[in-house]
S.K.: 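Take this structure, written in structure tokens, and hold onto it; I'll ask about it next.
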Amino acid sequence: MSMLLPPFELHEPTTIEEAVRLKEKLPEADFVAGGTDLLPNYKWGLNTRKHVISLHRVDEMRGVSAERIGANVTLTEIEKSGLLAQKLPVLPETARQIATPLLRNSGTLGGNLMLENRCFFFNQTYLWRKSVDFCLKADGAQCHVVPQKETCYATFSADMPAPLIALGASIELASARGTRHVKLAEFYQGDGIQRNVRRPDELVTGVTIPKEAQRLRATYRKLRLRDSFDFPELGIAAAARFEHGKLAALHLVANALETTPRVLDSLGEGLLGKPLTDEAIAQVAKAAEDAVRPVKNTNLPPSYRKAMTRVYVQRALTDLRAHA
Ligand SMILES: Cc1cc2nc3c(=O)[nH]c(=O)nc-3n(C[C@H](O)[C@H](O)[C@H](O)COP(=O)(O)OP(=O)(O)OC[C@H]3O[C@@H](n4cnc5c(N)ncnc54)[C@H](O)[C@@H]3O)c2cc1C
Ligand code: SF4
């Protein structure tokens with residue numbers, strides 16, 4: 001098994017309609033957009049398929065507005081969008097913290113929303129994985145992180161979903177049966193293999209963002225090994241609205257610690273209608289730290305990522321309050 005790209009047949013539809021018909025006809029096919037995640041995984045023999053449907057030519061999936069972003073929009077386009085900088089600045093702020101400029105030129109929003117979960121035992125070459133008898137997520141029968149045979153704990157590693165969840169966004173899914181919208185806060189569910197409730201025949205065509213999101217002040221804080229390059233070891237998305245010095249809404253998401261982003265809005269419920277004091281912030285930050293359950297399958301130790309959850313929530317909320 002080499003590290004060359006394995007052979008597959010590439011299909012290049014030009015419309016959403018054509019793409020979903022192809023997927024219906026070839027249920028085993030993978031979609032590919034920028035290829036910055038799928039192609040490295042294929043080179044390492046991770047769940048490769050014989051047919052790949054490229055979305056590159058589907059122009060209907062481009063286009064940015066403050067209420068809808070197409071799945072084919074690149075991370076660079078989000079980063080550089082003057083409209084988003086003005087209306088939803090947390091989205092360019094987040095895109096800027098993903099991978100490198102070159103990868104952001106190719107990487108798309110759709111690919112980011114559907115990014116494969118990551119694990120030290122999964123993102124390895126075929127021979128490396130063979131030497132440990134593979135694992136549940138590809139070719140094997142057990143998990144090496146939490147030894148058992150049912151559940152994969154691979155870490156959710158995409159950055160864009162967390163701030164989009166905090167803004168109340170929904171994902172748009174198309175299939176030959178029609179289009180549906182699912183709140184992103186409910187979309188991500190399941191273990192490190194399942195990850196979300198997308199049905200196998202569905203194509204992600206974009207995200208929609210409610211108009212009210214433009215009234216929230218939001219931020220995304222990311223912890224990673226090398227700031228110019230790496231996947232998140234922890235991400236905190238927070239969005240708040242203040243009215244007359246009092247907290248009127250708070251959305252909080254802890255990212256990249258578990259198999260899906262963790263929505264922590266309930267931690268702020270008792271604080272609504274009151275000024276956001278230092279004590280209130282400390283209380284939410286501690287509760288967030290207590291809630292999250294990272295496992296040992298990324299670079300930094302789980303205990304550190306858990307401890308930093310408190311620090312990052314504290315910093316994010318202090319920052320939102322300062323700019324209220
Ligand atoms: C060195 C390196 C560093 C990186 N750092 C980060 C990081 O810090 N944060 C981060 O979030 N990501 C990071 N990435 C991952 C990746 O570059 C981005 O997540 C990017 O947005 C993926 O988009 P893509 O279009 O290239 O996806 P692709 O590789 O084309 O696809 C990714 C997955 O999504 C599926 N898919 C793509 N589009 C659709 C669609 N429209 N509908 C249904 N399924 C679809 C594919 O089948 C595939 O499973 C990094 C990658 C590398 C190589
Ligand atoms: S968490 Fe376990 S099953 Fe999942 S990728 Fe890692 S080793 Fe494999």
Side-chain angles (χ1 to χ4, degrees), residues 16 19-20 23 29-43 46-47 49 52-56 58 61 70-76 78 94-100 102-124 129 132-162 171-175 191-193 195-196 198-207 220 222 224-233 235 255-256 258-259 295-298:
I16 292 172
V20 299
K23 181 69 173 149
D30 268 334
F31 290 117
V32 68
T36 62
D37 178 47
L38 189 90
L39 298 183
N41 286 352
Y42 268 34
K43 286 184 182 174
L46 296 166
N47 302 323
R49 304 286 168 82
V52 174
I53 303 172
S54 168
L55 304 169
H56 189 63
V58 185
M61 284 165 49
N72 273 352
V73 171
T74 66
L75 298 173
T76 297
I78 294 176
T94 304
R96 199 171 302 126
Q97 299 179 71
I98 295 176
T100 66
L102 265 182
L103 287 162
R104 296 198 289 273
N105 285 345
S106 303
T108 63
L109 175 64
N112 196 263
L113 295 172
M114 293 306 300
L115 186 76
E116 194 53 84
N117 279 24
R118 299 180 65 83
C119 169
F120 175 76
F121 294 92
F122 175 71
N123 298 97
Q124 299 287 354
R129 292 187 297 114
V132 296
D133 208 11
F134 304 106
C135 79
L136 275 180
K137 194 162 164 64
D139 310 309
Q142 77 272 306
C143 173
H144 306 296
V145 174
V146 181
Q148 39 79 47
K149 294 174 188 299
E150 284 81 39
T151 306
C152 165
Y153 290 82
T155 299
F156 191 89
S157 302
D159 287 298
M160 291 308 301
I171 190 165
E172 202 176 86
L173 299 156
S175 69
D191 78 345
I193 296 169
R195 307 173 354 253
N196 59 55
R198 184 182 74 101
R199 295 176 189 136
D201 63 342
E202 285 177 323
L203 168 70
V204 177
T205 52
V207 293
Y220 182 67
K222 173 172 172 175
R224 51 180 165 169
L225 213 52
R226 293 161 296 184
D227 271 337
S228 56
F229 179 75
D230 275 319
F231 285 93
E233 294 279 340
N255 192 36
E258 300 170 338
T259 60
V295 295
K296 189 166 172 33
N297 63 0
T298 66

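Because the structure is a prediction, the values reported are computed rather than measured. Atoms within each ligand, like the ligands themselves, are counted from 1 in listed order.
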S.K.: Which residue holds the protein heavy atom closest to atom 37 (C) of ligand 1, what is that atom called, and what is the gap in Å?
M.R.: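 Nearest neighbour among protein heavy atoms for atom 37 (C) of ligand 1, to 0.1 Å: Gly111 CA, 3.6 Å.
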S.K.: Could you give me the CA-CA distance, side-chain angles and deciding distance for Asn47 and Phe122, then say whether side-chain contact (heavy atoms from CB on, under 4.5 Å) is met?
M.R.: CA-CA 11 Å; Asn47 302 323; Phe122 175 71; 4.1 Å; yes
S.K.: For ligand 1, is there an atom lying under 4.0 Å from some heavy atom of Pro40?
M.R.: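 Outside the 4.0 Å threshold, so no.
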S.K.: At a 4.0 Å threshold, what atoms of ligand 1 neighbour a non-hydrogen atom of Ser157?
M.R.: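 Matching atoms, with element in brackets: 9 (N), 10 (C), 11 (O).
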S.K.: Closest non-hydrogen protein atom to atom 11 (O) of ligand 1, residue and atom name please, with distance?
M.R.: Asn112 ND2, 2.8 Å
S.K.: Counting non-hydrogen protein atoms only, what is the nearest one to atom 47 (O) of ligand 1? Give residue, atom name and distance.
M.R.: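 The protein heavy atom lying closest is Phe31 O, 2.5 Å.
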S.K.: To the nearest 0.5 Å, what is the distance between OG1 (Thr259) and CD1 (Ile193)?
M.R.: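 Reported value, rounded in 0.5 Å steps: 10.5 Å.
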S.K.: Between Asp159 and Asn255, does the side-chain contact (heavy atoms from CB on, under 4.5 Å) criterion hold? Intermediate values first, please.
M.R.: CA-CA 8 Å; Asp159 287 298; Asn255 192 36; 4.1 Å; yes
S.K.: Are the side chain of Lys23 and the backbone N or O of Glu202 linked by a donor-acceptor pair below 3.5 Å?
M.R.: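 It does not hold such a pair.
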S.K.: Is the closest heavy atom of Met160 to ligand 1 under 4.0 Å?
M.R.: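 No heavy atom of Met160 comes that close to ligand 1.
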S.K.: What residue and atom, counting heavy atoms only, is the protein's closest point to atom 49 (O) of ligand 1, and at what distance?
M.R.: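 The answer is Leu38 CD1, 3.9 Å.
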S.K.: With a cut-off of 4.0 Å, which atoms of ligand 1 are near a heavy atom of Phe229?
M.R.: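 Listed by number with element, the hits are 1 (C), 3 (C), 5 (N).
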S.K.: So which bit of Leu75 gets within less than 4.0 Å of ligand 1, heavy atoms only: side chain, backbone, both or neither?
M.R.: side chain
S.K.: Enumerate the atoms of ligand 1 whose separation from the nearest heavy atom of Ala158 is less than 4.0 angstrom.
M.R.: 11 (O)
S.K.: First locate atom CG of Asp230, then atom OG of Ser157, and finally report the distance between them rounded to the nearest 0.5 Å.
M.R.: 10.5 Å
S.K.: Can you name the atoms of ligand 1, numbered from 1 with element, that are less than 4.0 Å from a heavy atom of Leu55?
M.R.: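 Answer, ordered by atom number: 38 (N), 39 (C), 40 (C), 41 (N).
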S.K.: Considering the options Thr108, Leu109, Asn112, Thr94, which one meets the side-chain contact (heavy atoms from CB on, under 4.5 Å) requirement together with Ile78?
M.R.: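 Option passing the side-chain contact (heavy atoms from CB on, under 4.5 Å) with Ile78: Leu109.
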S.K.: Could you grab the distance from atom CG of Asn123 to atom CG of Asn41, nearest 0.5 Å is fine?
M.R.: 6.0 Å
S.K.: What I want to check is whether the side chains of Asn105 and Thr76 have a donor and an acceptor closer together than 3.5 Å.
M.R.: yes
S.K.: Kindly confirm or rule out an N or O of Glu116 lying under 3.5 angstrom from an N or O of ligand 1.
M.R.: no
S.K.: Compare every heavy atom of Ile16 with every heavy atom of Ala174, then report the nearest pair and how far apart it is.
M.R.: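 Smallest interatomic distance, heavy atoms only, reads CB-CG2, 4.1 Å.
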S.K.: If you have a sec, work out which protein heavy atom is nearest atom 34 (O) of ligand 1 and how many Å separate them, to one decimal?
M.R.: Met114 CB, 3.2 Å
S.K.: Run the numbers for me: atoms of ligand 1, each under 4.0 Å from some heavy atom of Val204, listed by number.
M.R.: 40 (C), 41 (N), 42 (N), 43 (C)
S.K.: With side chain to side chain donor-acceptor pair (under 3.5 Å) as the test, would you mind laying out the steps for Thr155 and Asn297 before giving the verdict?
M.R.: CA-CA 7 Å; Thr155 299; Asn297 63 0; 2.8 Å; yes
S.K.: Okay, side chain of Tyr42, backbone of Arg49: is any donor-acceptor separation there less than 3.5 Å?
M.R.: yes
S.K.: Is the shortest N/O to N/O distance between Asp159 and ligand 1 below 3.5 Å?
M.R.: yes
S.K.: How long is the straight-line distance from CG of Leu113 back to CD1 of Ile171, given to the nearest 0.5 Å?
M.R.: 5.0 Å
S.K.: Any N or O on Gly35 sitting closer than 3.5 Å to an N or O of ligand 1?
M.R.: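 Right, the criterion is met.
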S.K.: Asn72 vs Val58, test: side-chain contact (heavy atoms from CB on, under 4.5 Å). Steps then yes/no.
M.R.: CA-CA 8 Å; Asn72 273 352; Val58 185; 4.1 Å; yes
S.K.: Checking side-chain contact (heavy atoms from CB on, under 4.5 Å) between Tyr220 and each of Gln97, Arg96, Met160, which is the one that passes?
M.R.: Gln97
S.K.: Glu116: what forms a salt bridge (charged side-chain N to carboxylate O under 4.0 Å, His left out) with it, not counting sequence neighbours?
M.R.: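 If we apply the salt bridge (charged side-chain N to carboxylate O under 4.0 Å, His left out) test to Glu116, skipping adjacent residues, the hits are Lys137, Arg195.
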S.K.: Considering distance alone, does some N or O of Leu203 sit under 3.5 Å from an N or O of ligand 1?
M.R.: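 For ligand 1, there is no N or O atom that lies under 3.5 Å from one belonging to Leu203.
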S.K.: Using 0.5 Å steps for rounding, measure from the CZ atom of Phe229 to the CG atom of Leu103.
M.R.: 7.5 Å
S.K.: Would you mind checking which non-hydrogen protein atom is closest to atom 21 (O) of ligand 1, with the distance to 0.1 Å?
M.R.: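 It is Thr108 O, 3.0 Å.
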S.K.: Taking 2.8 Å as the upper limit, name the protein N, O or S atoms near atom 2 (Fe) of ligand 2.
M.R.: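 For atom 2 (Fe) of ligand 2, the protein N, O and S atoms that sit under 2.8 Å away are Cys143 SG.
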S.K.: Would you check the N or O atoms of Asp30, main chain and side chain alike, for any that come under 3.5 Å of an N or O of ligand 1?
M.R.: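 In this structure, Asp30 places no N or O atom under 3.5 Å from an N or O of ligand 1.
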S.K.: Do me a favour and list the nearest non-hydrogen protein atom to atom 51 (C) of ligand 1 with residue, atom name and distance?
M.R.: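 In this structure, atom 51 (C) of ligand 1 has Phe231 CZ, 3.5 Å as its nearest protein heavy atom.
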S.K.: Near His56 NE2, under 6.0 Å, is it more than 12 heavy atoms from other residues, nucleotides or ligands?
M.R.: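 Not more than 12 within 6.0 Å, no.
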S.K.: With only distance considered, is Met61 within less than 3.5 Å of ligand 1 through an N or O on each side?
M.R.: no
S.K.: Between Ala33, Gly34, Gly70, Ala99, flag the one that comes closest to atom 7 (C) of ligand 1 by a heavy atom.
M.R.: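 Selected option, by shortest heavy-atom distance: Ala99.
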S.K.: Does Leu203 form a side-chain contact (heavy atoms from CB on, under 4.5 Å) with Leu55? I'd like the steps, not just the answer.
M.R.: CA-CA 10 Å; Leu203 168 70; Leu55 304 169; 3.6 Å; yes
S.K.: Rounded to the nearest 0.5 Å, what's the gap from CZ on Phe231 to NZ on Lys222? Could you check?
M.R.: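 Answer rounded to 0.5 Å: 8.5 Å.
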S.K.: Just by distance, do the side chain of Gln148 and the backbone of Val146 share a donor-acceptor pair under 3.5 Å?
M.R.: yes
S.K.: By number and element, which atoms of ligand 1 are closer than 4.0 Å to a non-hydrogen atom of Leu115?
M.R.: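 The list of qualifying atoms is 15 (C), 19 (O).
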S.K.: What protein heavy atom is closest to atom 52 (C) of ligand 1, reported as residue, atom name and distance in Å?
M.R.: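 Here the nearest protein heavy atom works out to Leu103 CD1, 3.5 Å.
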S.K.: Just distances here: any N/O of Thr36 and N/O of ligand 1 closer than 3.5 Å?
M.R.: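 Such a contact does occur with ligand 1.
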S.K.: Is ligand 1 less than 4.0 angstrom away from at least one heavy atom of Lys222?
M.R.: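 Lys222: in contact with ligand 1 (<4.0 Å).
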S.K.: Which part of Leu109 is near ligand 1, with near meaning a heavy atom under 4.0 Å away: side chain, backbone, both or neither?
M.R.: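 No part of Leu109 comes within reach of ligand 1.
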S.K.: Would you mind running through ligand 1 and noting each atom that sits below 4.0 Å from a heavy atom of Val32?
M.R.: 30 (O)
S.K.: Under 3.5 Å between any N/O of Arg224 and any N/O of ligand 1: does that happen in this structure?
M.R.: no
